[in-house]
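Residues: numbered from 1 along the sequence shown.
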Amino acid sequence: MTTTTNFATAKEVTSALSSLGFQPSVETIQTISRNCREQFLENLSKCITGQDVDGASKKMISNLLRSLSPDTLNKLKPIVPDVTADRIVPVVLKAPAKFLSAVDAASNPQHERHIDAKDFLKGVFAASVQDASPPPAAQDEPASPPSPTPHRYERPPQRDERPTTDSAPVARNRQAQGQAAADGKKYHSCHVYGSGYALCFNATEWEGKPGVMVDAAVSNGPKSYDWKNAVHVWLDTNEVGAVLAVFRRWRKGIEFAAHGSQNDKGFAIEFQGQHFYAKVTAKKMGQHPTRAVKIMPTDATAVSILFLTQLAESYPAIPLNELLATVRATHQINDAAAA
């Protein structure tokens with residue numbers, strides 16, 4: 001059993017959209033957040049986790065972003081002077097193809113349906129006024145408020161595994177309290193819970209380099225986990241890219257070993273058809289040397305976006321599409337060589 005986790009920040013949503021080839025403005029993301037957040041994130045999740053088999057989710061996202069673009073607004077203003085982005089969303093969600101077709105026809109005086117399209121758009125927005133209500137205040141982030149993170153712990157940082165400047169507990173505390181680090185960056189983490197174990201994926205840095213710290217805890221009661229005695233494994237930039245390749249289903253699985261001061265720790269993740277299976281190992285641990293959980297699709301979305309964000313942080317000068325293309329090519333070659 002896992003706990004549903006949504007995108008944590010607007011930056012994660014933007015990174016996910018960029019990986020699909022979209023570059024919406026901050027204003028567009030905020031409009032979507034106010035009007036159709038859950039529906040939008042559900043479709044985005046399907047695209048990111050490889051569940052959009054027929055392409056319907058990506059088409060929905062494309063139509064919505066196109067409908068909210070400055071070009072569409074400029075075409076609508078002469079026809080519906082009081083139109084706003086917030087008023088467009090419910091209209092386009094009902095009939096996206098018809099709406100976009102009408103906008104194109106209404107903005108072209110030479111189009112054979114020019115008059116009919118203008119009348120259609122005027123009527124649609126006039127009808128929407130009756131049911132319209134003032135939109136809520138703009139939000140900085142399109143996702144749901146972060147889920148409570150009750151499993152915080154304190155322990156001395158380990159020299160070989162954890163950044164000395166920013167431990168995972170501190171990162172989670174910052175997020176929960178809405179604080180940022182001295183460098184202005186926000187830190188976040190994603191938890192995945194199982195019946196016997198839980199994993200926490202922390203987006204942080206070590207020696208100035210972005211990566212992911214994985215904490216693995218043992219259940220010590222109903223909905224309770226022993227985070228004070230968790231096992232910790234640091235994944236560097238190359239390993240972050242490899243894990244992302246698994247989430248993208250470009251390779252079936254990946255395993256890392258020889259982590260820690262005694263080279264006895266490791267991390268592995270594998271796609272198993274309906275879910276991902278992730279585990280942290282610590283061979284010299286007296287009890288629970290292997291701590292594993294299933295990661296269901298909804299949780300996989302949040303975790304994979306965390307890895308995507310950290311990969312982008314590692315190579316800020318390289319477009320995200322090029323980064324993903326490199327990761328895909330590299331790991332597909334590795335899989336073929338191993339076959």
Side-chain angles (χ1 to χ4, degrees), residues 6-7 10 12-136 138-139 142-143 248 297-298 301 305 320-321 324:
N6 290 323
F7 296 87
E12 291 183 350
V13 173
T14 302
S15 294
L17 290 171
S18 178
S19 73
L20 297 175
F22 302 117
Q23 300 289 339
S25 66
V26 173
E27 292 77 11
T28 296
I29 296 296
Q30 291 175 345
T31 299
I32 293 171
S33 172
R34 292 192 297 269
N35 294 277
C36 58
R37 180 183 63 197
E38 297 303 326
Q39 182 178 352
F40 182 80
L41 292 183
E42 180 181 356
N43 283 279
L44 184 58
S45 297
K46 290 180 180 179
C47 293
I48 295 301
T49 57
Q51 300 177 71
D52 185 28
V53 179
D54 59 0
S57 291
K58 187 173 183 179
K59 186 175 182 180
M60 177 270 179
I61 294 172
S62 177
N63 285 336
L64 183 58
L65 295 179
R66 181 185 166 193
S67 299
L68 295 174
S69 68
D71 180 61
T72 298
L73 279 170
N74 290 335
K75 289 179 179 179
L76 278 173
K77 283 290 185 181
I79 304 166
V80 187
D82 60 346
V83 71
T84 64
D86 291 288
R87 292 183 62 193
I88 290 176
V89 174
V91 174
V92 73
L93 290 179
K94 291 180 180 178
K98 187 175 182 180
F99 171 77
L100 288 169
S101 176
V103 171
D104 289 338
S107 61
N108 181 8
Q110 306 303 319
H111 199 286
E112 60 182 1
R113 295 191 294 109
H114 175 67
I115 301 300
D116 291 340
K118 289 178 66 176
D119 291 341
F120 166 75
L121 291 172
K122 290 178 181 178
V124 164
F125 284 103
S128 69
V129 172
Q130 300 176 1
D131 301 323
S133 58
Q139 301 174 3
R248 289 280 173 141
T298 304
T301 299
I305 293 299
L320 189 55
N321 284 342
L324 290 173

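With values rounded to the nearest 0.5 angstrom, Phe120 atom CZ is found 9.5 Å from Arg113 atom CZ. With rounding to the nearest 0.5 angstrom, the NZ atom of Lys58 is 13.0 Å from the CG atom of Asn43. With values rounded to the nearest 0.5 angstrom, Leu65 atom CG is found 9.0 Å from Ser69 atom OG. If you take SG on Cys47 and CE on Met60, they are separated by 10.0 Å, rounding to the nearest 0.5 Å. Expressed to the nearest 0.5 Å, how far CD1 of Ile61 lies from NZ of Lys46 amounts to 10.5 Å. Taken from CG in Leu44 to CZ in Arg37, the straight-line distance is 13.5 Å, to the nearest 0.5 Å.
Among all heavy-atom pairs drawn from Ala126 and Arg87, the shortest one is N-NH2, 4.4 Å. Minimum heavy-atom separation, Leu320 to Ser15: CD2-O, 3.1 Å. The two residues Ala117 and Ala105 come nearest to each other via the heavy atoms CB-CB, 3.7 Å. For Leu68 against Leu73, the heavy-atom pair with the smallest separation is O-CD1, 4.4 Å. When all heavy atoms of His114 and Ala106 are compared, the closest pair comes out as CE1-O, 2.8 Å.
Looking at heavy atoms from C-beta onward, Glu38 lies out of side-chain contact with Glu42 at the 4.5 angstrom threshold. Looking at Phe99 and Val124, their side chains never come closer than 4.5 Å, going by heavy atoms from C-beta outward. Residues Ile88 and Leu76 form a side-chain contact, since some pair of their non-hydrogen atoms from C-beta on lies under 4.5 Å apart.
Put simply, the side chain of Asn35 never gets that close to the backbone of Val89: no donor and acceptor are under 3.5 Å apart. The backbone N or O of Arg66 sits less than 3.5 Å from a side-chain atom of Thr72, completing a donor-acceptor pair. No side-chain donor-acceptor contact under 3.5 Å links Ser33 to the backbone of Ile29. Not a single donor-acceptor pair under 3.5 Å links the side chain of Lys122 to the backbone N or O of Val80. For Asp52 (side chain) and Ser57 (main-chain N/O), a donor-acceptor pair under 3.5 Å exists by modelled atom type. A donor-acceptor pair is defined here as one N or O able to donate and one able to accept, closer than 3.5 Å; no such pair exists between the side chain of Ser62 and the backbone of Lys59. At least one donor-acceptor pair closer than 3.5 Å links the side chain of Ser107 to the backbone N or O of Val103.
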Can you list the steps and then say if Val13 with Ile32 is a side chain to side chain contact (heavy atoms under 4.5 Å, CB included)?
CA-CA 11 Å; Val13 173; Ile32 293 171; over 6 Å; no
Under the side chain to side chain contact (heavy atoms under 4.5 Å, CB included) rule, what do Leu64 and Cys36 come out as? Steps first, then yes or no, please.
CA-CA 10 Å; Leu64 183 58; Cys36 58; 3.8 Å; yes
Pair Asp119, Leu121 - check side chain to side chain contact (heavy atoms under 4.5 Å, CB included), show working.
CA-CA 6 Å; Asp119 291 341; Leu121 291 172; over 6 Å; no
Full working for side chain to side chain contact (heavy atoms under 4.5 Å, CB included) between Leu100 and Ser67:
CA-CA 7 Å; Leu100 288 169; Ser67 299; 3.4 Å; yes
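Under the salt bridge (charged side-chain N to carboxylate O under 4.0 Å, His left out) criterion, Lys75 pairs with Asp71, Asp104, sequence neighbours left out.
Around atom NZ of Lys98, no more than 12 heavy atoms belonging to other residues, nucleotides or ligands sit under 6.0 Å away.
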